[in-house]
Student: 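Can you keep this structure in mind? I'll have questions shortly.
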Protein chains: 2
Amino acid sequence: MKEMKIDNIGDFLKSKNIKPSFQRIRIFEYLMNSIEHPTVDEIYKALIGEIPTLSKTTVYNTLNLFIEKRIVHMVTIEENEVRYDADVSDHGHFKCDICGKVYDFKANIIELDTDLSESFIINQKDIFFRGTCPSCSKKN
Amino acid sequence: MKEMKIDNIGDFLKSKNIKPSFQRIRIFEYLMNSIEHPTVDEIYKALIGEIPTLSKTTVYNTLNLFIEKRIVHMVTIEENEVRYDADVSDHGHFKCDICGKVYDFKANIIELDTDLSESFIINQKDIFFRGTCPSCSKKN
DNA sequence: ATTTAGATTGTAATGATTACATTTTTATTA
DNA sequence: TAATAAAAATGTAATCATTACAATCTAAAT
Ligand SMILES: [Mn+2]
Ligand SMILES: [Mn+2]
Ligand SMILES: [Zn+2]
Ligand SMILES: [Zn+2]
C-alpha cells in the first residue's frame, strides 16, 4: 500500500511519461490500494470482472512498463512467482513460512553498512526476511 | 563460495543429520566451491559428466533437503529461476542489470534498524541490491 | 481521410518446478 | 546370510509462470 495518496492516477501516470489508458489506470489503482503484494494472476483475477476484455499479457506488459518507469517494484521473495508493489519507498518485506503472508516493515536501509565499492551503481535496495509471523507463532 | 573450508564433506553432512550419499557430497562440494550462485540447471550440467546417472529431480531433492537442514540458502534475486548459495553467513547480493552477474558483499545486517515487533520470529535475512557493476559501467 | 505509433489481444512456445510412481541402494533384523 | 524395511534416486508427465510473436484495435497527427 502506497502511503502517499495520489488523487488523480491519470495525471500521475502522465507525469511519469506513461499514457494513462483505462487498463493502466485500473491496474495501478489496484496495486496502490493493495496490501498483499499481488501476483500477476491475482491482479488479473481481481480486474477481469470489471474489465472483461483484459488479458493477462496486458497485465504483464503494464507491470513491466511501470517497473521500467520506476513507479512499481518487483518483489521476488516468493520462489516461483513474482509479486508487485506500488510502494517504491525504502522498506523491507517479511514472509511468513507458515501462512505465506508478506508483511511490510520499515528499515533504515540507507544507513546499512556494506563493503561495496563506490564503483557499484545501486538502483534498488531490497531487504527480505523470512520466519514466522506473530499470528502463526501464537497458534503453537 | 563458503569462506570456512570444510575438510570432509561427508562428515559435515553427517553432523547435520544428512546421509552423505555420493550425489549429495558432490552437489554440496560443487556449490561450496562456486562463486556464481548456480541454478539447478547449472549444477546439473556441471555434474552430469562426472555422474552420468544424475537426474535433475535429484538435484532439486538434494537442494531442498539442504535448505531444510539450513546448510544452503535460496537466492531469489533472479525473476524466473532460483539460485543457491552454500554460504549461509550474513551477506548481501548485488545483481548487475546489464551483465546479470551476481556479486557477494558484506553487510552489517544484524545492526539494521527496523520497526518489526519482537513477536516476529526471523529465520533468515536477505539483502538484494540491483544496479550496474563496475566493469559494465566502465564500458559506457 | 490517411498515416502512424502505441495499446491490446490471443495463441503458442518455453522453461522452471513439482507430482507421482518405479527402481535401486542401504540399513536393519531375523 | 537372507529377508525386510527404509531411504535414495530416477524418469515421465503434468503444472504453471512467463515470454515471443503476430494480429487487431485505438487514437493522435498530418
Ligand atoms: Mn511492500
Ligand atoms: Mn552469496
Ligand atoms: Zn503466518
Ligand atoms: Zn555487469
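Remember, it's a predicted structure, so these values are computed and weren't measured experimentally. Here is how names work: the chains are called A, B, and so on, in the same order as the sequence lines, proteins then strands, and each is numbered from 1.
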Student: Using atom CG of B:Leu63 as one end and atom P of D:dA9 as the other, report the distance to the nearest whole Å.
Tutor: 13 Å
Student: Applying a 4.0 Å non-hydrogen cut-off, can you work out what A:Asn61 is touching in the nucleic acid: base, sugar-phosphate, or nothing?
Tutor: base
Student: Taking OH from A:Tyr44 and P from C:dG10, how many angstroms apart are they, rounded to a whole number?
Tutor: 8 Å
Student: Check the distance between C:dT25's P and B:Phe22's CZ and give it to me in whole angstrom.
Tutor: 14 Å
Student: Counting only side-chain N and O atoms of B:Ser21, is one of them less than 4.0 Å from OP1 or OP2 of D:dA9?
Tutor: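 B:Ser21 to D:dA9 OP1/OP2: side-chain N or O found under 4.0 Å.
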Student: Taking NZ from A:Lys56 and P from C:dA12, how many angstroms apart are they, rounded to a whole number?
Tutor: 16 Å
Student: Taking only the side-chain heavy atoms of B:Lys19 (C-beta and beyond), determine which of D:dG11, C:dA27, C:dT18 contains the nearest atom.
Tutor: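 Among D:dG11, C:dA27, C:dT18, the one nearest the side chain of B:Lys19 is C:dA27.
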Student: D:dA9 P sits how many Å from B:Ile18 CD1, rounded?
Tutor: 12 Å
Student: Who are the side chain to side chain donor-acceptor pair (under 3.5 Å) partners of A:Asp41, not counting sequence neighbours?
Tutor: A:Lys45, A:Lys56
Student: What's the CG-P distance between A:Leu13 and C:dG6, to the nearest Å?
Tutor: 17 Å
Student: Hey, does the side chain of B:Gln23 come within less than 4.0 Å of D:dA8's phosphate (OP1/OP2), counting only N and O?
Tutor: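 False: B:Gln23 side-chain N/O out of range (4.0 Å or more) of D:dA8 OP1/OP2.
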Student: Take atom OH of A:Tyr60 and atom P of D:dT19, then tell me their distance rounded to the nearest Å.
Tutor: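 Result: 7 Å.
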Student: Rounded to the nearest angstrom, tell me the gap between atom CZ in B:Arg24 and atom C1' in D:dT10.
Tutor: 14 Å
Student: Please check if A:Phe12 and A:Leu31 belong to a single hydrophobic cluster, counting links between Ile, Leu, Val, Met, Phe, Trp and Tyr side chain heavy atoms closer than 4.5 Å.
Tutor: yes
Student: Can you tell me if the side-chain N/O atoms of B:Thr53 get under 4.0 Å from OP1 or OP2 in D:dT10?
Tutor: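 For B:Thr53, the contact criterion (side-chain N or O under 4.0 Å from OP1 or OP2 of D:dT10) is met.
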Student: Using a distance-only test with no angle check, is there a side-chain donor-acceptor pair under 3.5 angstrom linking A:Asp126 and A:His73?
Tutor: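 Result is no, nothing qualifies.
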